[in-house]
Peer 1: 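One structure is given below, represented as structure tokens, and several questions about it will come after.
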Amino acid sequence: MAKDVAGRQPTYQRIAAELKDAIAAGEYGPGERLPGESDLMSRYGVARMTARQAFGVLQAEGLAEARKGAGVFVREHQMVIRRRGIQRLAVEVWGAGGSIWEVDGKGREPVVEFLGVTDEAAPDAVAPVLGLGEGATACVRRRRFLLDGKPVMLATSYLDAALVAGTPVAEPDSGPGGIYARLAELGHGPARFREEIRSRMPGPDEAARLGLAAGTPVVLVCRTAYTAEGKAVEVNEMVLDSSAYVLEYEFDAR
């Protein structure tokens, strides 16, 4: 951490630390307004820029958000969604007509907003995974998931367009059990899944679609579904609001 010439913590960092302590102690609750810039200037004898830097620390860490013309507020706590990475993909869920999303919602009513189903060229990283040759197209399904009215995830699925042409997979409503149940009916049901997880800061469009506060990163989950013969039948790229999710994996030691 940067220090001033006397070896001390920079003033704006010390102010930010005190504000964080006050938030943790409950002096400022979720949604409550923090002291204004002028308040900090008077209390600590600092310039306006120093006060702004202190607020910038809180915003960058996702603890506070600025509201135009109103000040800086403690960020509202959001719901916690436990994404059970193994249980949600069990054939007992989608094979029985259930939704893997409902496993995450745990009794709360989820809303799936379809943003489009189209045939288009798959990204360079996806086409070889699905075995799509030059000129072949992918069926691309884009959705936004909401819980309690709050957007929490964007998802884009890629499938071989020739495989699913004329089936409910190519329609907004793929029916009970979703696309995995429909793939099973086609003789290409998933038997194995692979997920890759990483994180980064969102792009402007992602932040807008998910309603993210400044400083909130996203979790990227890329899932590939394979048949028992090892053929990849779906690549699903998901963008999750990191403040809303806990990724949980439970499995036996073998």
Side-chain angles (χ1 to χ4, degrees), residues 1-83 104-111 113 144-155 197-221 238-248:
M1 182 181 295
K3 306 275 185 172
D4 62 18
V5 293
R8 296 172 300 181
Q9 189 178 35
T11 302
Y12 77 92
Q13 291 278 14
R14 289 191 284 111
I15 296 173
E18 290 188 19
L19 288 172
K20 286 191 283 186
D21 287 343
I23 293 172
E27 294 180 30
Y28 302 103
E32 290 188 6
R33 186 179 184 276
L34 292 168
E37 291 178 1
S38 297
D39 296 323
L40 296 186
M41 292 166 62
S42 175
R43 182 186 305 177
Y44 294 98
V46 297
R48 187 174 299 277
M49 181 56 68
T50 301
R52 288 181 179 174
Q53 287 177 305
F55 283 133
V57 171
L58 269 61
Q59 291 174 255
E61 294 183 9
L63 296 174
E65 59 184 351
R67 299 178 187 173
K68 190 172 182 179
V72 179
F73 294 75
V74 178
R75 190 176 177 195
E76 299 269 7
H77 294 306
Q78 296 186 21
M79 78 292 287
V80 173
I81 304 167
R82 288 196 170 271
R83 184 182 186 274
D104 297 339
K106 203 160 177 74
R108 289 177 289 181
E109 187 66 28
V111 174
E113 181 180 87
R144 182 168 70 162
F145 294 80
L146 302 92
L147 194 62
D148 300 338
K150 168 71 174 67
V152 292
M153 181 176 71
L154 306 173
I197 301 172
R198 58 192 178 93
S199 62
R200 61 166 168 76
M201 297 307 295
D205 182 64
E206 293 168 332
R209 286 175 180 253
L210 290 172
L212 300 177
T216 305
V218 290
V219 176
L220 308 179
V221 180
M238 292 158 274
V239 182
L240 285 63
D241 176 355
S242 66
S243 69
Y245 275 91
V246 172
L247 306 186
E248 178 180 306

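Residue numbers start at 1 and run along the sequence shown.
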Peer 1: Rounded at 0.5 Å granularity, tell me how far OH in Y245 sits from CD1 in I81.
Peer 2: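 Result: 4.0 Å between the selected atoms.
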
Peer 1: Looking only at heavy atoms, which two atoms of P35 and Y28 are closest? And how far apart?
Peer 2: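 It is CG-OH, 3.3 Å.
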
Peer 1: Go through R75 and L63 one step at a time and tell me if the side chain to side chain contact (heavy atoms under 4.5 Å, CB included) criterion holds.
Peer 2: CA-CA 6 Å; R75 190 176 177 195; L63 296 174; 6.0 Å; no

Peer 1: Which residue is it: L147, V218, T216? I am looking for the one with a side-chain contact (heavy atoms from CB on, under 4.5 Å) to D241.
Peer 2: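 When L147, V218, T216 are each tested with D241, the side-chain contact (heavy atoms from CB on, under 4.5 Å) holds only for T216.
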
Peer 1: Tell me every residue that passes ring pair (Phe, Tyr, Trp, His ring centres under 6.0 Å) with F145, counting only those two or more places apart in sequence or in another chain.
Peer 2: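 F145 satisfies ring pair (Phe, Tyr, Trp, His ring centres under 6.0 Å) with W101 only.
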
Peer 1: Distance check, rounded to the nearest 0.5 Å: Q53 atom CD versus Q13 atom CD?
Peer 2: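 Here the interatomic distance stands at 9.0 Å.
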
Peer 1: Atom OG in S242, atom CG in L247: separation rounded to 0.5 Å?
Peer 2: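 S242 atom OG to L247 atom CG measures 9.5 Å (nearest 0.5 Å).
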
Peer 1: Name the atoms and distances for all side-chain donor-acceptor pairs under 3.5 Å in residues 205-213, with sequence neighbours left out.
Peer 2:
residue, atom, partner, partner atom, Å
D205, OD1, R209, NE, 3.4
D205, OD2, R209, NE, 2.9
E206, OE1, R200, NH1, 2.8
E206, OE1, G203, N, 2.8
E206, OE2, R200, NH2, 2.9

Peer 1: How far apart are the C-alpha atoms of T50 and Y44, what are their side-chain angles, what is the distance that settles it, and do they pass the side chain to side chain contact (heavy atoms under 4.5 Å, CB included) test?
Peer 2: CA-CA 10 Å; T50 301; Y44 294 98; over 6 Å; no

Peer 1: Rounded to the nearest 0.5 Å, what separates atom CD in E18 from atom CD1 in I15?
Peer 2: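 Reported value, rounded in 0.5 Å steps: 7.5 Å.
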
Peer 1: Give a yes or no on this: more than 12 heavy atoms of other residues, nucleotides or ligands lie within 6.0 Å of atom CZ of R198.
Peer 2: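 Open: at most 12 neighbouring heavy atoms sit under 6.0 Å from CZ of R198.
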
Peer 1: For the residue pair A66 and Q59, what are the closest heavy atoms and their distance?
Peer 2: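 Smallest heavy-atom distance, with atoms named: CB-NE2, 3.6 Å.
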
Peer 1: Once rounded to the nearest 0.5 Å, what's the spacing between atom CD1 of I23 and atom CD of E32?
Peer 2: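 So the gap between those two atoms works out to 10.0 Å.
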
Peer 1: Using side-chain heavy atoms (C-beta onward) and a distance below 4.5 Å, is F55 in contact with L19?
Peer 2: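 Yes; the side chains approach each other to less than 4.5 Å.
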
Peer 1: Listed by chain and number, what are the salt bridge (Lys or Arg N to Asp or Glu O under 4.0 Å) partners of E113, not counting sequence neighbours?
Peer 2: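 Salt bridge (Lys or Arg N to Asp or Glu O under 4.0 Å) list for E113, sorted by chain: R144.
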
Peer 1: Take V74 and L34, measure what side chain to side chain contact (heavy atoms under 4.5 Å, CB included) needs, and give me the verdict at the end.
Peer 2: CA-CA 7 Å; V74 178; L34 292 168; 3.8 Å; yes

Peer 1: Please round to the nearest 0.5 Å and tell me the distance separating atom CD of E248 and atom CZ of R83.
Peer 2: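 Here the interatomic distance stands at 11.5 Å.
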
Peer 1: Would you indicate whether M49, at its atom CE, is surrounded by more than 12 heavy atoms from other residues, nucleotides or ligands within a distance under 6.0 Å?
Peer 2: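 Count not over threshold, so no.
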
